[in-house]
Amino acid sequence: MSTEQQNQSLMERIQRPEMSKETQKKIAMVEQEFILAEVEQLRHSTLLFRPLFEKRKELISTPDLVDTFWTRVMLNAPAEIEEHITMEDATILASTLKNLSVERFEVDDKGNGEPRSFRLTFEFRTGDENPYFTNQTLVKDFYWRKQVITTANGHKRHWDGLVSEPVRINWKEGQDPTKGLLDAACDLADAEKKKAADTDRKELPEFEALMRKRDEVEAAGDEAKAEDDEDEDDVPEDAPLSFFSFFGYRGSDVTAEQSKAATKEEEEKYEKLSKGEDVEENDDEDDEDDDLEDDFEFIEIFPGGEELAIAVAEDLWPNAMKYFVTDATIEEGDYYSDVDVSDDEDEDERPRKKTKV
């Protein structure tokens with residue numbers, strides 16, 4: 001066998017490892033144990049950090065921090081969040097945001113409950129201090145849900161993730177950075193709640209309205225991008241959606257009852273595996289004719305909503321002090337007080353201040 005053939009064979013074994021069913025079961029069990037441990041760790045940390053977040057809340061409520069803390073944190077956000085904030089969004093947030101909080105609302109005081117569900121609460125200035133919208137608070141709940149669907153061919157499809165309801169923002173005239181996209185998503189969600197059980201959402205006029213609005217916003221974004229193409233280094237491949245479109249994220253149609261049933265089925269499966277019993281192994285089989293139609297592909301106005309929500313809850317919120325303390329809060333004299341720097345020293349050799357701590 002040639003070296004090229006040996007390398008190809010090795011790559012095939014890496015990409016498609018041959019394992020016995022017994023080994024596959026053991027891998028599945030260890031993966032499940034890791035998941036359960038991570039969830040338990042999150043429950044524990046939720047209780048552990050609650051008093052610290054309350055202490056931080058008291059600190060940033062002081063006069064010298066209350067007006068700037070969360071605005072500064074948002075505008076110094078990590079890349080996973082910053083990439084979703086346009087210049088227009090930054091202007092709105094800088095002049096209106098007062099407070100942000102994250103709550104693992106399904107975890108009780110004893111540590112029981114689903115810690116992967118959480119609530120984001122944004123508080124804003126009102127009246128003349130907010131020329132953009134009239135909402136004082138925007139509250140968006142994210143529920144961690146599971147779903148098991150049996151296809152027409154008898155195969156099972158598993159899904160888990162965050163689901164949420166669109167949150168309407170009452171924009172003042174001419175101030176909506178989503179260009180009506182968020183309103184259209186909220187209109188469809190409201191119409192779905194009122195429709196008959198046997199009515200497909202695609203038959204609703206609000207569905208057609210959302211499709212038209214989405215096409216309009218995409219076309220406007222493409223046109224704006226084309227106008228900026230002369231400075232290609234500063235233009236992203238795709239025109240970014242407004243951060244406020246994030247409030248329209250939905251995720252999927254999974255009820256609490258469906259999630260509870262899927263969780264029970266999963267627990268029963270792994271209980272059998274732990275006892276060495278055989279379980280049905282037709283899950284997630286590859287069958288091109290077995291795909292499920294998902295019209296969320298059409299109605300989801302903020303596809304990166306889950307990733308953004310998790311970045312806020314698991315990075316921005318717990319690390320807010322880090323994103324607040326930047327070089328603008330450090331006096332240059334204090335930073336260099338113990339460093340002897342002569343006037344004729346090469347500027348490139350001087351110690352630099354940190355941009356973020």
Are [X] and [Y] close enough that some pair of their side-chain heavy atoms sits under 4.5 Å apart?
X: Leu210; Y: Ile301; value: yes
X: Ile169; Y: Leu138; value: yes
X: Glu265; Y: Lys156; value: yes
X: Leu182; Y: Asp176; value: no
X: Val167; Y: Val139; value: no
X: Glu165; Y: Lys193; value: yes
X: Ser95; Y: Tyr132; value: yes
X: Met211; Y: Phe298; value: yes

[X] side chain to [Y] main-chain N or O, any donor-acceptor pair under 3.5 Å?
X: Asn130; Y: Arg125; answer: yes
X: Thr62; Y: Glu58; answer: no
X: Asn135; Y: Asn170; answer: yes
X: Thr137; Y: Glu123; answer: no
X: Thr178; Y: Phe244; answer: no
X: Asp315; Y: Ala311; answer: no

To check you understand the geometry: which heavy-atom pair defines the closest contact between [X] and [Y], and what is its length?
X: Thr71; Y: Leu97; answer: OG1-O, 3.2 Å
X: Val107; Y: Pro115; answer: CG2-CA, 3.5 Å
X: Ser61; Y: Val66; answer: O-CB, 3.9 Å
X: Gly305; Y: Phe246; answer: O-CE1, 3.4 Å
X: Thr255; Y: Gln258; answer: N-OE1, 2.9 Å
X: Phe118; Y: Arg104; answer: CD2-NH1, 3.6 Å

Once you round to the nearest 0.5 Å, how far does [atom1] of [X] lie from [atom2] of [Y]?
X: Asn319; Y: Glu314; atom1: CG; atom2: CD; answer: 10.5 Å
X: Lys213; Y: Asp183; atom1: NZ; atom2: CG; answer: 9.0 Å
X: His158; Y: Glu266; atom1: NE2; atom2: CD; answer: 7.0 Å
X: Lys26; Y: Glu31; atom1: NZ; atom2: CD; answer: 15.0 Å
X: Lys195; Y: Leu188; atom1: NZ; atom2: CG; answer: 9.5 Å
X: Arg56; Y: Ser101; atom1: CZ; atom2: OG; answer: 10.0 Å

Are Arg72 and Asp67 close enough, and set up right, to give a salt bridge (Lys or Arg N to Asp or Glu O under 4.0 Å), and what steps lead you there? CA-CA 9 Å; Arg72 185 178 179 82; Asp67 291 330; over 6 Å; no
Please tell me whether [X] and [Y] are part of a single hydrophobic cluster in this structure, the criterion being side-chain heavy atoms less than 4.5 Å apart.
X: Leu308; Y: Trp70; value: yes
X: Trp159; Y: Val39; value: no
X: Leu42; Y: Phe49; value: no
X: Met87; Y: Val217; value: no
X: Phe34; Y: Tyr270; value: no

Determine whether more than 12 heavy atoms belonging to other residues, nucleotides or ligands lie under 6.0 Å from atom [atom1] of [X].
X: Glu307; atom1: CD; result: yes
X: Asp109; atom1: CG; result: no
X: Lys264; atom1: NZ; result: no
X: Lys98; atom1: NZ; result: no
X: Lys272; atom1: NZ; result: no
X: Phe105; atom1: CZ; result: yes

So, [X] and [Y], do they make that salt bridge, N to O below 4.0 Å?
X: Asp253; Y: Arg145; value: no
X: Arg168; Y: Asp187; value: yes
X: Glu257; Y: Lys260; value: no
X: Arg250; Y: Glu192; value: yes
X: Glu218; Y: Lys179; value: no

task: Quick one: do Val312 and Glu80 satisfy side chain to side chain contact (heavy atoms under 4.5 Å, CB included)? Show the steps, please.
output: CA-CA 9 Å; Val312 172; Glu80 295 83 358; over 6 Å; no
Requested in this report: Given side chain to side chain donor-acceptor pair (under 3.5 Å), test Lys140 with Ser164 step by step and report yes or no.
Outcome: CA-CA 7 Å; Lys140 191 160 178 64; Ser164 184; 2.9 Å; yes
- Task: Report the C-alpha separation of Thr134 and Thr126 in whole Å, then their side-chain angles, then the decisive distance to 0.1 Å, and conclude whether the side chain to side chain contact (heavy atoms under 4.5 Å, CB included) test is met.
- Result: CA-CA 6 Å; Thr134 62; Thr126 57; over 6 Å; no
**OP:** Starting from the C-alpha separation in whole Å, work towards a yes-or-no answer on side chain to side chain donor-acceptor pair (under 3.5 Å) for Ser242 and Asp89.
**Re:** CA-CA 7 Å; Ser242 167; Asp89 297 331; 2.8 Å; yes
Practice task
Decide if the gap between the ring center of Tyr249 and the ring center of Phe302 is smaller than 6.0 angstrom.
Solution key: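 That pair fails the under 6.0 Å test.
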Original post:
Does the separation of the ring centres of Phe124 and Phe133 fall below 6.0 angstrom?
Top reply: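 So the answer is yes for these two rings.
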With side chain to side chain contact (heavy atoms under 4.5 Å, CB included) as the test, would you mind laying out the steps for Thr121 and Val102 before giving the verdict? CA-CA 7 Å; Thr121 302; Val102 176; over 6 Å; no
Does the side chain to side chain contact (heavy atoms under 4.5 Å, CB included) test come out yes or no for Ile310 and Leu162, once each step is laid out?
CA-CA 9 Å; Ile310 291 174; Leu162 296 175; 3.9 Å; yes
> Mind checking whether Trp317 and Phe53 have parallel, tilted or perpendicular rings, split at 30° and 60°?
Replying inline: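 Tilted: the ring planes of Trp317 and Phe53 meet at 30° to 60°.
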Arg43 and Glu40: salt bridge (Lys or Arg N to Asp or Glu O under 4.0 Å), yes or no, with the steps? CA-CA 5 Å; Arg43 286 195 186 98; Glu40 188 59 35; 3.1 Å; yes
